[in-house]
Amino acid sequence: MKSTLRTSLTVAAVLFLAPALSTAKTVKVGLVLTFTGGAARFGQQIERGMNLYLKQHGDTFGGHDVEVIKRDSKRPGGDIAKNAVRDLITRDRVDLLTGFVFSPNAIASAPLVTQGKVPMVIMNAATAWIPNLSPYIARVSFTMWQAGMPMGDYAKRELACTTAASGYTDYPPGKDSVAAFKTGFEGAGGKVVDQIPMGGPREVPDFTPFFQRVKDARPDCFYVFVPAGNHAIAVVKAFADLGLAQAGIRLIGPGDINPDTTLQDMGDAAVGLTTIHHYSADYDTKANFDFVTAWKEAYGADTTPDFMGVAGWDGMAAIAHVIKTLDGNIEAEAAMDALRGWKFNSPRGPIEIDAETRDIVHDQHVHVVVRKGDRFGIDVVKTFKAVKDPCKALKMGKCGQ
Ligand code: PHB
């Protein structure tokens with residue numbers, strides 16, 4: 001009798017547990033980032049953000065495990081990333097793709113994502129029209145237009161600049177950023193007098209000749225986009241060395257030119273720099289305090305997240321949401337449906353994936369670099385709430401296709 005009872009209890013337990021056990025899946029996430037070379041710091045930021053999220057929330061979502069398969073895209077050229085994506089889709093049979101620091105790497109991979117029907121969650125690549133390239137791309141990072149266009153408007157109306165020059169790293173996000181700035185600046189009544197391509201994303205150029213050209217033209221404002229990191233440090237240094245501020249020219253740009261991770265290296269030369277962006281480790285909110293504290297605990301007191309780190313954290317949250325919503329059965333259309341309208345309380349503030357464009361909606365803040373005791377930080381002097389990508393809203397160029 002006893003043993004019969006035990007047997008039937010065991011059978012009941014097996015019957016009860018069987019469906020749950022049999023449906024537990026391992027969701028394979030292909031992660032394509034720059035892990036080596038001059039841009040390795042970007043890959044490290046994003047991966048650290050992802051790993052912090054997994055550490056804090058477990059790497060099982062809705063009962064399904066996450067396996068991250070990493071590939072090094074090395075350079076911004078597109079070819080290595082595209083080959084990596086091809087391998088991840090055909091050989092590793094990943095369920096999802098994520099990462100992508102440089103726009104050309106995301107752009108080159110877009111047709112494969114469409115053909116392979118693998119959802120892609122972009123954690124950096126910021127050229128506005130990238131999600132237009134495939135119905136299976138969503139972005140948690142930012143678009144160049146979200147900072148560039150308000151910066152143009154702000155420069156004219158609030159910084160009293162009537163003329164501006166712009167300088168940019170000559171590849172898609174750079175072209176996007178200066179087009180956005182010009183739209184905002186000239187829309188408010190200013191005049192862009194020069195637009196200067198300043199080399200490519202792979203090598204940091206000597207900025208001296210470009211900046212000398214700007215000094216000679218003497219615009220009120222100089223708007224610069226370069227990729228965050230080594231390019232940004234060199235920009236702030238060249239601006240100071242050539243005495244552009246003393247010549248009455250104000251340096252402005254998207255927050256890529258003064259990310260948290262390079263601010264201390266820029267030193268006094270960065271003080272007064274005015275940028276617009278969606279994240280700073282200095283934001284005074286509980287969500288951000290908790291995030292920065294956990295980051296320092298995980299990676300060291302002298303480390304800091306920047307906008308790429310927060311995109312890694314948020315992107316992992318988005319992927320976790322997809323896995324839970326789809327109960328581990330990742331399918332591209334359903335994944336995009338799960339991401340459309342997804343809302344999340346990010347360390348950067350509230351974020352949402354726009355249901356129509358699959359692009360990020362978030363606040364933009366005007367940052368002014370200040371000295372804070374023995375370190376440098378930013379003060380937020382103005383906020384634009386829930387900014388959608390203006391390039392798609394205005395249907396500019398490829399954003400209208
Ligand atoms: C990009 O290639 O899209 C990119 C890279 C670095 C940035 C911003 C955009 O800081």
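Ligands are counted one by one from 1 in listed order, and the atoms in each one are counted from 1 as well. Along the sequence shown, the residues carry numbers beginning at 1.
Contact annotation for F42 and ligand 1: no heavy atom of the residue comes within less than 4.0 Å of the ligand. When non-hydrogen atoms are compared, ligand 1 lies under 4.0 Å from the side chain of P173 (C-beta onward) but not from its backbone. Only the side chain of F307 comes within 4.0 Å of ligand 1, counting heavy atoms alone; its backbone N, CA, C and O stay farther away.
Where the criterion is an N or O separation shorter than 3.5 Å, residue side chain and backbone included, N124 fails it with respect to ligand 1. For the pair M144 and ligand 1, the shortest N or O to N or O distance does not fall below 3.5 Å.
Ligand-side atoms of ligand 1 in range of P227: 6 (C), 7 (C), 10 (O), range being under 4.0 angstrom from any heavy atom. Applying the 4.0 Å criterion to heavy atoms of V101 picks out, from ligand 1, the atoms 1 (C), 2 (O), 3 (O), 4 (C), 5 (C). Within the listing of ligand 1, atoms 3 (O) sit less than 4.0 angstrom from a heavy atom of A125. Listed by atom number, the atoms of ligand 1 under 4.0 Å from Y171 heavy atoms are 1 (C), 2 (O), 4 (C), 5 (C). Set against the non-hydrogen atoms of D256, the atoms of ligand 1 under 4.0 Å away are 7 (C), 8 (C), 10 (O). Which parts of ligand 1 touch S103 is read off a 4.0 Å heavy-atom cut-off, strictly below it: atoms 1 (C), 2 (O), 3 (O).
Between D282 and R375, at least one side-chain nitrogen of the basic residue sits less than 4.0 Å from a carboxylate oxygen of the acidic one, meeting the salt-bridge criterion. Using a cutoff of 4.0 Å between basic side-chain nitrogens and carboxylate oxygens, R348 and D314 are scored as salt-bridged. A salt bridge between K25 and D327 is absent, with no side-chain N of the basic residue lying under 4.0 Å from a carboxylate O of the acidic one. Between E333 and K117, at least one side-chain nitrogen of the basic residue sits less than 4.0 Å from a carboxylate oxygen of the acidic one, meeting the salt-bridge criterion.
Ring to ring, F344 and H362 are not that close: their centroids are 6.0 angstrom or more apart.
No side-chain N or O of N124 forms a donor-acceptor pair with one of S141 less than 3.5 Å apart. Judged by distance alone, the side chains of Y223 and S177 do bring a donor and an acceptor atom under 3.5 Å apart.
K372 NZ: more than 12 foreign heavy atoms inside a 6.0 Å radius.
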